[in-house]
Amino acid sequence: MPELPEVETVQRALAPHIDGQLIHKISFFTPRLRQELKEDDFNQTFQNKKITALIRRSKYLIFQIEGTQWILSHLGMTGSWRIVAKDEKRLKHEHISLALNEGDQELRYCDPRRFGEFRIIKAAQDDQDPQALSHLGPEPFWNEYNATYLFAASRKKTKPVKNFIMDPSVVCGIGNIYASESLFRAGISPLRKIGKLRRVDCEALVKQSRIILQSAIEAGGTTIIDFQAPDGSEGWFHRQLNVYGRKDEACFKCQTPIKKITQAGRSSFYCPRCQK
DNA sequence: AGGGTGTCCTGGAGGC
DNA sequence: TGCCTCCAGGACACCC
């Protein structure tokens, strides 16, 4: 399940292989992912155009392509990209192929649950976000995401803190796993109302979420079930998870059994003793 | 308007 | 073994 560190890992692995490459042909092997996939539209727009960069914003990959249109890719739950030789046999759930250069190499997208996205968006001006992503809040590593910002943004809000930090318009890229893990490290219960957080809590939360995301990136992303980096290597960050997926197991700090609850339809894990 | 729920999807786990 | 049900998750539409 790709969250920010996984998407960052994919971006870093893929970019050197596709920057500067020409798109020879785009093929779809499924009528739709989250949206309809129309081969003609993509080929008319991108055939023989050069990929100038692959960047990450939030959990999106953006294929920057010469011209006025770009491609937005989201890995959903189970999406992955890999680079293969053109004659390599297609895997069961491979839905997209970008033949590069003279067609000798292909970038393939595999997604068993088809929760991913692949769509054409308008290119952005300068360093701005493309319009399709204008709703996104700051990245966790940007200076704008700090305790002052989080404290101000959360006043008079009544949502549980867990749901608040998972809102990409507040701060992007913190999914279910890292939300639980950040709160554990910050010593904050996921049930706390965000508006009741003190400034010191905001400071701890910003700091801990950064530390955890950074170490996950350095570890090459979390592999729980589905995630694989494009070179086939597995991330190993799951070995460092303190609470996620550890229902009824002993807290590493205090031995209290980890609790699992449901918030906004998503499972949260926390230590009822360490997190207040 | 803010907060919560339902929907999309399918593989895997667990129950009987 | 085989069938059934449930669950996982991000983004977004929708409801109260």
Side-chain angles (χ1 to χ4, degrees), chain A residues 1-11 28-37 56-62 71-81 91-96 109-119 121 129-137 139-140 150 152-182 190-197 209 213 216 221-228 235 237-238 241 243-248 258 260-269:
Chain A
M1 36 193 91
E3 296 201 36
L4 187 151
E6 290 80 6
V7 181
E8 178 75 13
T9 303
V10 172
Q11 184 272 329
F28 298 133
F29 309 109
T30 186
R32 59 180 300 122
L33 292 174
R34 287 180 63 84
Q35 290 95 11
E36 202 175 352
L37 296 171
R56 179 192 64 75
R57 172 78 167 100
S58 186
K59 294 173 191 167
Y60 293 95
L61 290 167
I62 303 170
I71 296 172
L72 191 64
S73 162
H74 194 293
L75 302 175
M77 281 287 295
T78 54
S80 63
W81 285 101
L91 299 176
K92 187 179 176 191
H93 298 290
E94 268 175 353
H95 307 302
I96 299 172
Y109 180 73
C110 185
D111 190 352
R113 295 187 197 172
R114 287 191 274 160
F115 248 40
E117 267 188 272
F118 191 74
R119 62 186 165 104
I121 59 165
D129 276 332
Q131 204 199 332
L133 299 181
S134 59
H135 61 290
L136 291 178
E139 294 276 324
L150 194 61
S154 61
R155 293 308 90 185
K156 298 188 180 171
K157 300 267 168 49
T158 58
K159 254 187 199 187
V161 55
K162 160 93 170 352
N163 304 355
F164 190 74
I165 60 169
M166 283 180 67
D167 180 345
S169 69
V170 172
V171 53
C172 58
I174 300 182
N176 207 37
I177 298 172
Y178 295 108
S180 280
E181 292 296 316
S182 302
L191 293 159
R192 285 265 292 278
K193 302 291 183 208
I194 185 71
K196 300 280 185 189
L197 250 59
S209 53
L213 289 167
T222 303
T223 296
I224 300 269
I225 301 167
D226 301 299
F227 178 73
Q228 271 206 327
F237 190 72
H238 62 294
L241 296 179
V243 286
Y244 187 86
R246 299 193 63 242
K247 178 175 185 273
D248 295 336
I258 300 300
K260 179 185 179 180
I261 56 170
T262 299
Q263 295 182 283
R266 296 286 174 258
S267 49
S268 304
F269 297 86

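Here is the naming used below: chain letters follow the sequence lines, and residue numbers restart at 1 for every chain.
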Please enumerate all protein N or O atoms sitting under 3.5 Å from an N or O of nucleotides 12-16 of chain C, with distances to 0.1 Å.
none

With sequence neighbours excluded, tell me which residues meet salt bridge (charged side-chain N to carboxylate O under 4.0 Å, His left out) with A:Arg246. A:Glu249
Given atom CZ of A:Arg114 and atom P of C:dG10, what is their separation to the nearest angstrom? 20 Å
In whole angstroms, how far is the P atom of C:dA11 from the CZ atom of A:Phe115? 11 Å
Reading DNA chain B 5' to 3', what string of ( ), [ ], | and . shows its pairs, if Watson-Crick and G-U wobble pairs count only when both distances fall under 3.5 Å? .|||||||||||||||
Assess whether a salt bridge exists between A:Glu139 and A:Arg56, defined as any Lys/Arg side-chain N lying under 4.0 Å from an Asp/Glu carboxylate O. yes
Please write out each protein N/O paired with an N/O of nucleotides 2-6 of chain B under 3.5 Å, distance rounded to 0.1 Å.
unit_1: B:dG3; atom_1: OP1; unit_2: A:Thr158; atom_2: N; d: 2.4
unit_1: B:dG3; atom_1: OP1; unit_2: A:Thr158; atom_2: OG1; d: 3.0
unit_1: B:dG3; atom_1: OP1; unit_2: A:Lys159; atom_2: N; d: 3.2

Going by the angle between their ring planes, with limits at 30° and 60°, are A:Tyr60 and A:His74 parallel, tilted or perpendicular? perpendicular
Whole angstrom value for the distance that separates P of C:dG10 from OH of A:Tyr178: 11 Å
Quick one: list whatever passes salt bridge (charged side-chain N to carboxylate O under 4.0 Å, His left out) with A:Arg34, sequence neighbours left out. none
Heavy atoms under 4.0 Å, any strand shown: does A:Lys260 hit a base, just sugar-phosphate, or nothing? sugar-phosphate
In this structure, how many angstroms lie between the C1' atom of B:dC8 and the CG atom of A:Asp111, rounded? 12 Å
Salt bridge (charged side-chain N to carboxylate O under 4.0 Å, His left out) filter on A:Glu117, not counting sequence neighbours, yields A:Arg119
